[in-house]
Undergrad: 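Dumping the structure here so I can ask a few things about it.
Counting starts at 1 for both ligands and their atoms, following the listed order. Excluded from the calculations below are hydrogen atoms, water molecules and symmetry mates; all remaining heavy atoms, backbone and side chain alike, are included.
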Amino acid sequence: MRQPVSQARYIPRMGLLDGKVAIVTGAGRGIGRGEALELAAQGAGVVVGEVDADAGQAVVDEITAAGGAAVVQVGDCAEVEAAEAIVARAVDEFGRLDALVNNAGILRDRTLAKMTPEEWDAVIRVHLRGHYAPTHAAVNHWRAAGQPGHVVCTASTSGVLGNFGQANYGAAKAGIAAFAQIVAQENWKHGITVNAICPAARTRMTEGAYGSIGSADDDFDFWHPDNVAPFVTFLCSDAAAHISGKVFGVQGDTVELYRPWTSEAVIENGGNRWDPAVFADRVGNLFEETGINPAAENGMARLRYSMTNRTP
Ligand SMILES: NC(=O)c1ccc[n+]([C@@H]2O[C@H](COP(=O)([O-])OP(=O)(O)OC[C@H]3O[C@@H](n4cnc5c(N)ncnc54)[C@H](O)[C@@H]3O)[C@@H](O)[C@H]2O)c1
């Protein structure tokens, strides 16, 4: 194994992740950049995964200028070879891997009726395959090494609540929440945790949507992308080793816990197969019992924190 070159530049400090090593995909800007900076500030050596080499290198320069340790690994995280290469890079450069933050993502917003197959495929690929490939490589690395590890996946309220105009993105993000829950179960006994966050922040991706809310009337900028990083850093640490398969909302100074899809009511037919015509009379019980509206709804209306309503 090569001598870890970056450790020569690495200034040890008392942090939550001293001596640990983390990968962040899509860390060249936005939420991923903040995560890479915080992980490094907490003592981790960081591999900045990016398709945009300049953006990735700029984050590495910021980290190293501040006395941290980081390297950029250029590649598409949805490519299996690139995902394996980023795990290998962590081990080559820093001698180990402790955490993986799957953050890279793109948008191609369009209502379904107007959505092209290319817009569907691009979003599903970057998010779902972009979670599968690095997680597959990291989990197999940890299992082969008999070592614990922590994975943080990036879902979205657009998936777990459902946002108009984002059938591709929301399907991918809800899929990521399910992915985290399932991979968590499969790897719990190996000491590997897998959680998902639903962040919200002002980035290139949400340009315009979040304006400068929070900066005008107080010092805390609620929608600053760096606000997401502290909780992600905690999930990457051994202090969170008892938490797995969970989905958290992370925005501003708030952390929310989502309850997974849960069955709320049931109708039964006395041990007999249903006659479809009977549902016209019976299905209403499900909605009456739960108060759930049978019509299509705006799931995002259930957001506790939104850009137009920061407080509960
Ligand atoms: N910004 C929000 O409010 C918000 C809300 C919910 C979820 N998210 C999710 O958070 C994550 C980060 O979003 P952001 O707002 O910081 O976006 P961003 O566009 O600012 O940054 C995303 C970064 O990922 C990189 N990237 C894209 N595809 C990649 C690939 N295939 N391989 C490697 N890198 C790639 C881009 O070059 C970019 O630097 C995404 O998964 C996004 O879906 C963001």
Side-chain angles (χ1 to χ4, degrees), residues 23-38 47-60 72-86 89 100-109 121-135 137 152-163 166 168-177 179-180 196-211 213-214 221-229 231-232 247-252 254 256 258 300 303 305-307:
I23 294 168
V24 184
T25 65
R29 56 174 70 78
I31 293 169
R33 170 185 167 275
E35 291 166 341
L37 292 173
E38 183 66 52
V47 182
V48 170
E50 252 302 334
V51 276
D52 180 338
D54 291 343
Q57 187 57 49
V59 173
V60 168
V72 65
Q73 176 73 19
V74 178
D76 175 351
C77 65
E79 290 292 339
V80 168
E81 274 182 21
E84 283 168 357
I86 202 169
R89 185 77 189 278
L100 165 67
V101 181
N102 292 308
N103 163 78
I106 60 167
L107 287 179
R108 297 284 185 275
D109 288 358
D121 286 346
V123 169
I124 296 297
R125 182 183 168 282
V126 171
H127 291 279
L128 282 180
R129 207 176 152 86
H131 270 66
Y132 156 76
T135 308
V152 180
C153 301
T154 307
S156 171
T157 54
S158 297
V160 298
L161 299 179
N163 199 20
Q166 293 193 309
N168 50 359
Y169 182 76
K173 290 304 198 183
I176 286 169
F179 172 86
I197 61 159
C198 297
R202 186 191 325 108
T203 67
R204 179 182 70 160
M205 185 176 277
T206 52
E207 223 167 6
Y210 293 98
I213 295 168
D221 179 359
F222 191 89
W223 299 111
H224 196 291
D226 292 359
N227 295 339
V228 177
F231 189 66
V232 169
V247 178
F248 298 94
V250 186
Q251 322 182 333
T254 70
E256 300 170 87
Y258 280 85
M300 297 298 271
L303 270 180
Y305 305 94
S306 72
M307 63 184 204

Undergrad: Donor-acceptor pair, distance only, cut-off 3.5 Å: does the side chain of N163 make one with the backbone of G170?
TA: no

Undergrad: Report yes or no: does a heavy atom of P199 sit under 4.0 Å from some atom of ligand 1?
TA: yes

Undergrad: So is H127 touching ligand 1 or not, going by heavy atoms under 4.0 Å?
TA: yes

Undergrad: For R129, is there an ion pair with D76 - N to carboxylate O distance below 4.0 angstrom?
TA: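 No, no charged N to carboxylate O under 4.0 Å.
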
Undergrad: Hey, which atoms in ligand 1 end up nearer than 4.0 Å to a heavy atom of G75?
TA: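 In order of number, 32 (N), 33 (C).
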
Undergrad: Could you tell me if any non-hydrogen atom of A155 lies under 4.0 Å from any atom of ligand 1?
TA: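 The answer is yes, since A155 has a heavy atom less than 4.0 Å from ligand 1.
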
Undergrad: Check if A27 has a non-hydrogen atom at a distance under 4.0 Å from any atom of ligand 1.
TA: no

Undergrad: So, does T25 use its side chain to make a donor-acceptor pair with the main chain of N103 at under 3.5 Å?
TA: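 Such a contact is found between T25 side chain and N103 backbone.
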
Undergrad: N/O to N/O below 3.5 Å, does that happen between R204 and ligand 1?
TA: yes

Undergrad: Considering E50, R29, M205, which one's heavy-atom position lies nearest to atom 25 (C) of ligand 1?
TA: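 Among E50, R29, M205, the closest heavy atom to atom 25 (C) of ligand 1 belongs to E50.
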
Undergrad: Is there a side chain to side chain contact (heavy atoms under 4.5 Å, CB included) between T157 and Y258? Walk through the geometry before answering.
TA: CA-CA 10 Å; T157 54; Y258 280 85; 3.4 Å; yes

Undergrad: Checking T206 side chain against A201 main chain: does a donor-acceptor pair fall under 3.5 Å?
TA: yes

Undergrad: Geometry only, no angles: is T203 polar-contacting ligand 1 at N/O separations under 3.5 Å?
TA: yes

Undergrad: So do the side chains of T154 and K173 get within less than 4.5 Å of each other, counting heavy atoms only?
TA: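 Yes; the side chains approach each other to less than 4.5 Å.
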
Undergrad: Below 4.0 Å from ligand 1: does a non-hydrogen atom of Y169 turn up there or not?
TA: yes

Undergrad: Could you list which atoms of ligand 1 come closer than 4.0 Å to a heavy atom of T154?
TA: 9 (C), 10 (O), 11 (C), 41 (O)

Undergrad: Does V51 approach ligand 1 within less than 4.0 angstrom via side chain, backbone, both or neither, non-hydrogen atoms only?
TA: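 Both of them.
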
Undergrad: Go through ligand 1 atom by atom and flag the ones less than 4.0 Å from a non-hydrogen atom of A200.
TA: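 Within the 4.0 Å cut-off of A200, ligand 1 contributes 3 (O).
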
Undergrad: Check if K173 has a non-hydrogen atom at a distance under 4.0 Å from any atom of ligand 1.
TA: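 K173 counts as a contact of ligand 1 under the 4.0 Å cut-off.
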
Undergrad: Determine whether L128 and I176 satisfy the following criterion, side chain to side chain contact (heavy atoms under 4.5 Å, CB included), listing intermediate values before the conclusion.
TA: CA-CA 6 Å; L128 282 180; I176 286 169; 3.9 Å; yes

Undergrad: Closer than 4.0 angstrom: is that true for some heavy atom of N103 and an atom of ligand 1?
TA: yes

Undergrad: Please compare A78, G32, G105, G26 and report which has the shortest non-hydrogen distance to atom 27 (C) of ligand 1.
TA: G105

Undergrad: Any side-chain heavy atom of V250 sitting closer than 4.5 Å to one from V232?
TA: no

Undergrad: State, with a plain yes or no, whether a side-chain heavy atom of E79 is found less than 4.5 Å away from one of R125.
TA: yes

Undergrad: Between ligand 1 and I106, is the shortest N or O to N or O distance under 3.5 Å?
TA: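 By distance alone, the answer is no.
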
Undergrad: Provide the number and element of each atom of ligand 1 under 4.0 Å from a heavy atom of T206.
TA: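 Taking each heavy atom of T206 in turn, ligand 1 has 1 (N), 2 (C), 3 (O) under 4.0 Å.
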
Undergrad: Between I197 and E35, is there a side-chain heavy-atom distance shorter than 4.5 Å?
TA: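 Heavy-atom side-chain distance check passes, below 4.5 Å.
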
Undergrad: Quick one: does any side-chain atom of E38 pair with a main-chain N or O of A229 as donor and acceptor, under 3.5 Å?
TA: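 No.
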
Undergrad: Using the six-membered ring wherever Trp is involved, compare the ring planes of F222 and Y305 and label them parallel, tilted or perpendicular (cut-offs 30° and 60°).
TA: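 Ring orientation, 0 to 90° scale: tilted.
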
Undergrad: I'd like to check which ligand 1 atoms, numbered from 1 as shown, lie under 4.0 Å from a non-hydrogen atom of A104.
TA: 24 (O), 26 (N), 29 (C), 33 (C), 34 (N), 35 (C), 41 (O)

Undergrad: So do the side chains of Q73 and I23 get within less than 4.5 Å of each other, counting heavy atoms only?
TA: no

Undergrad: Between C77 and ligand 1, is there a nitrogen or oxygen pair with a distance under 3.5 Å?
TA: yes

Undergrad: Using non-hydrogen atoms of the residue, decide whether P225 is closer than 4.0 angstrom to ligand 1.
TA: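 Per 4.0 Å heavy-atom rule, P225 does not contact ligand 1.
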
Undergrad: Compute the shortest N/O to N/O distance between D76 and ligand 1 and return yes if it is under 3.5 Å, no if not.
TA: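 Yes, D76 has an N/O under 3.5 Å of an N/O on ligand 1.
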
